[in-house]
Amino acid sequence: MKKRQVERVVLALSATTLLSACSDAPLWKLAPEPPPPVDNILRVAGNFCTQDPNTVLFPLKILFVVDTSNSMGVTDPPNPADANYTNRGRSVVDIVTALAGFPGVEIGIITFSSGVNNETSGFKPVGTAPEIAAMLQTAANIATTGGQTNIEAALETTYQVLIDDITRADDLLRARSRYVVIFMSDGLPNPITYDPPANTPEQIFLLAEDIRDLERTQRLSELKLHSAYLSGTTPPRFQQEPINFLRTIAEMGSGTFRNIATGEKLNFLDIGFPTFRRVFQVKSFIARNVNARPLLDMDAATDSDGDGLSDSEEDKLGTDPTNADTDADGFNDLLEVRLAAAGFDALDGSDADCQVAPGDDFNQRDDDGDGLRNCEERFLGTNQRLFDTDADGLSDRTEIMAQLSAVDDDFYGDLDRDGIANGFEVRDNTNPRIDDRKDWGKIRYVYDVREVELRGSQICYKFIVDNIQLMPSLGATPELAGWNEIHFILGEVPQDDPKGVADFRIACVRAWFDRTRNVKRPTNGLLRLEETDFKRNANFADPSDPEIFDPARHCITAS
């Protein structure tokens with residue numbers, strides 16, 4: 001092709017291209033860059049061991065209630081071949097000798113005939129040589145004193161000795177305490193012809209039930225009432241009625257019954273006294289961001305003052321999102337909002353019964369360290385000296401915040417019917433009252449807790465809790481804004497009492513998040529806790545103990 005012809009073709013193609021570029025076809029804009037993902041996830045790793053049983057007291061109280069009425073001189077006389085001990089006295093000596101020196105063991109002796117003698121004035125320890133000698137002497141003196149068999153008075157005294165001892169202990173010690181009552185007699189009560197009559201089998205059985213019921217009403221680890229019939233030389237035809245009577249006492253007291261004939265050794269060592277040192281196991285381990293609610297929307301989830309109301313809710317209510325008790329009356333804002341129908345107002349400082357008396361700050365204190373003031377617990381019906389009133393492994397405050405019952409164990413209930421128990425939802429930072437499964441991938445905490453070693457009688461674990469969302473919290477001052485306080489609450493119980501009241505320890509971390517700049521501290525999103533970072537929730541024997549959990553002193557803060 002000639003050069004001029006080639007030039008014409010090139011010009012024609014160029015013109016065609018230009019024409020097509022000027023068509024009416026729409027022009028597409030490039031999509032903007034998506035925003036970076038929110039960088040507010042924290043992971044906390046660490047380790048802990050269960051408590052050393054040697055550092056924890058498990059009281060064992062044994063109370064002997066011994067018949068010394070006139071007939072016992074025949075059914076259980078002193079034995080010259082055994083230093084003139086009666087069979088009753090020897091049985092007490094054997095228990096004292098076997099258990100002497102064990103920490104937490106105390107023994108009491110009541111004798112009765114027409115009247116009642118509290119021989120030891122309640123329970124006495126048998127740890128030192130003088131204590132052991134005094135108890136052995138009391139046991140050696142158990143003999144016949146004469147008179148009739150006033151069993152009703154004996155059990156009334158038994159009840160009073162028990163209740164006096166129980167009420168002297170704090171609630172946690174009660175929950176660890178085991179009581180054993182051993183009742184010894186040779187027959188039936190002698191009815192007293194009062195109006196109404198006294199010392200009847202019916203009244204005695206009711207007293208046995210009352211004694212047994214102390215386990216439930218006083219929240220003891222255990223209480224059992226055992227009975228023994230010393231039949232001696234009583235003809236068999238006269239034995240059945242007292243056997244039935246004393247067996248019923250044992251049944252009412254959830255104890256055992258035994259029938260001891262003349263010459264047969266009376267021995268209670270086979271009752272099966274509980275162990276004095278009990279290995280602990282983990283009952284619950286829960287992470288909780290004080291400044292976050294279990295919601296996907298960050299605005300709805302942020303709770304700067306940790307009172308259970310989100311900042312956005314507080315803005316609408318007119319309460320202070322940086323002050324958990326806006327009106328300073330002792331009730332936190334969440335409680336007053338929930339109790340508005342009962343006349344409470346989070347902006348009225350005169351409507352809560354939390355006044356502090358001169359020299360007594362009891363109302364404003366939090367004696368059990370559960371996050372609720374004593375006056376709040378009094379109103380709510382929770383125990384002011386138990387971190388977890390209903391013994392379900394969740395602290396009272398945690399349950400109140402989640403709208404669960406803090407006085408009835410509803411851990412395994414399922415309020416939102418999503419197939420996951422309430423307690424597990426609280427642990428995992430999901431809402432037990434709303435079926436929020438669609439949000440679990442973003443709000444649910446992920447736990448990895450593994451047993452790693454047995455250190456003596458302690459079980460040791462390592463753990464990771466992941467997907468903890470940090471919130472853009474406000475602060476009473478600018479330097480306090482952005483900080484989140486995350487608590488790790490560890491509950492432990494003896495292995496043989498998994499439903500019992502737990503001992504609690506708490507660890508804490510502080511992490512920071514700035515929503516505007518989308519940055520956090522620690523920048524790598526990881527904080528660590530060690531065994532020593534877990535502190536006791538309370539110490540009733542020494543409220544000034546520096547090892548009681550105090551977030552101001554014990555939180556591990558991101559740098």
How far apart are the closest heavy atoms of Thr75 and Leu230, and which atoms are they? CB-O, 3.6 Å
With distance as the sole test, does Gln384 use its side chain to make a donor-acceptor pair with the main-chain N or O of Asn374 at under 3.5 Å? yes
If only atom types and distance count, is the side chain of Asn87 paired as donor or acceptor with the main-chain N or O of Leu266 below 3.5 Å? yes
Got a sec, which residues hit ring-ring contact (aromatic ring centres under 6.0 Å, His included) with Tyr85, two or more places apart in sequence or on another chain? none
Considering only NZ, NE, NH1 and NH2 on the basic side and carboxylate oxygens on the acidic side, decide whether Arg168 and Asp164 come within less than 4.0 Å. no
If we ignore hydrogens and angles and just use 3.5 Å, is the side chain of Arg385 paired with the main-chain N or O of Asp367 as donor and acceptor? no
Considering the options Leu372, Asp388, Thr382, which one meets the side chain to side chain contact (heavy atoms under 4.5 Å, CB included) requirement together with Arg397? Leu372
Judged by modelled atom types alone, do Asp370 and Ser395 share a side-chain donor-acceptor pair under 3.5 Å? no
Would you please say whether a donor-acceptor pair under 3.5 Å links the side chains of Thr234 and Gln239? no
Side chain Asn199, main chain Pro189, donor-acceptor under 3.5 Å: no
Below 4.0 angstrom, N of the basic side chain to O of the carboxylate: do Asp213 and Arg216 qualify? yes
Test side chain to side chain contact (heavy atoms under 4.5 Å, CB included), reference Ile142, set Asp76, Val66, Val93, output is Val66
Does the plane of the ring in Phe344 sit parallel, tilted or perpendicular to the ring in Phe331? Use 30° and 60° as the thresholds. parallel
Any side-chain to backbone donor/acceptor pair from Asp361 onto Val356? Under 3.5 Å, distance only. no
Member of Asp171, Asp368, Asn383, Asp396 meeting the side chain to side chain donor-acceptor pair (under 3.5 Å) criterion with Thr389: Asp396
To the nearest 0.5 Å, what is the distance between CD1 on Ile489 and OG on Ser284? 8.0 Å
Name all residues meeting the ring-ring contact (aromatic ring centres under 6.0 Å, His included) criterion together with Phe463; count only those two or more places apart in sequence or in a different chain, and write none if there are none. Phe48, Phe285
Quick one: closest heavy-atom pair of Ser69 and Ser113, and the distance? CA-CB, 3.6 Å
So does Arg553 have more than 12 non-hydrogen atoms from other groups sitting under 6.0 Å from CZ? yes
Does any non-hydrogen side-chain atom of Phe257 lie less than 4.5 Å from one of Ile249? no
Spell out, as yes or no, whether a donor-acceptor pair under 3.5 Å connects the side chain of Arg378 to the backbone of Asp353. yes
Say whether, by atom type as modelled, one donor and one acceptor occur between the side chain of Arg455 and the main chain of Cys49 under 3.5 angstrom. no
Worked check of ring pair (Phe, Tyr, Trp, His ring centres under 6.0 Å) between Phe424 and Tyr447: CA-CA 11 Å; Phe424 293 129; Tyr447 292 79; over 10 Å; no
Considering only NZ, NE, NH1 and NH2 on the basic side and carboxylate oxygens on the acidic side, decide whether Arg176 and Asp503 come within less than 4.0 Å. yes
Which atom of Ile132 lies closest to which atom of Val126, heavy atoms considered: CG1-O, 3.5 Å
Smallest heavy-atom separation, Cys354 atom then Asp329 atom, equals CB-O, 3.2 Å
Should the pair Asp409-Lys499 be classified as a salt bridge under the 4.0 Å nitrogen-to-oxygen rule? no
Set of residues satisfying ring-ring contact (aromatic ring centres under 6.0 Å, His included) with respect to His226, sequence neighbours excluded: none
With sequence neighbours excluded, tell me which residues meet ring-ring contact (aromatic ring centres under 6.0 Å, His included) with Tyr229. none
Examine distances only and state if a side-chain atom of Tyr159 and a backbone atom of Leu214 form a donor-acceptor pair shorter than 3.5 Å. no
A quick test of your reading: do over 12 heavy atoms of other residues, nucleotides or ligands sit less than 6.0 Å from CD of Glu531? yes
Going from CG on Leu155 to CD1 on Ile211, what distance comes out if it is rounded to the nearest 0.5 angstrom? 4.5 Å
Report yes or no: does Gln203 contribute a side-chain atom to a donor-acceptor pair with the main-chain N or O of Pro197 at less than 3.5 Å? yes
Pairwise salt bridge (charged side-chain N to carboxylate O under 4.0 Å, His left out) hits with a residue in residues 49-73, at least two apart: Lys61-Glu106, Lys61-Asp165
Mind listing the closest non-hydrogen atom pair of His554 and Glu547 along with its distance? CE1-C, 4.5 Å
Is a side-chain donor or acceptor of Ser114 paired with a backbone partner of Gln148 at a separation under 3.5 angstrom? yes
Partner set under side-chain hydrogen bond (donor to acceptor under 3.5 Å, both in side chains) for Arg258, not counting sequence neighbours: Asp270
Taking all non-hydrogen atoms of both residues into account, name the closest pair between Gly187 and Pro242 and its distance. CA-CB, 3.8 Å
Ionic contact status for Glu492 with Arg505, cut-off 4.0 Å: yes
Checking Phe549 against Phe534 for the ring pair (Phe, Tyr, Trp, His ring centres under 6.0 Å) test, could you report, in this order, the C-alpha distance in whole Å, the side-chain angles of both residues, the deciding distance, and whether it holds? CA-CA 8 Å; Phe549 176 67; Phe534 287 84; 9.8 Å; no
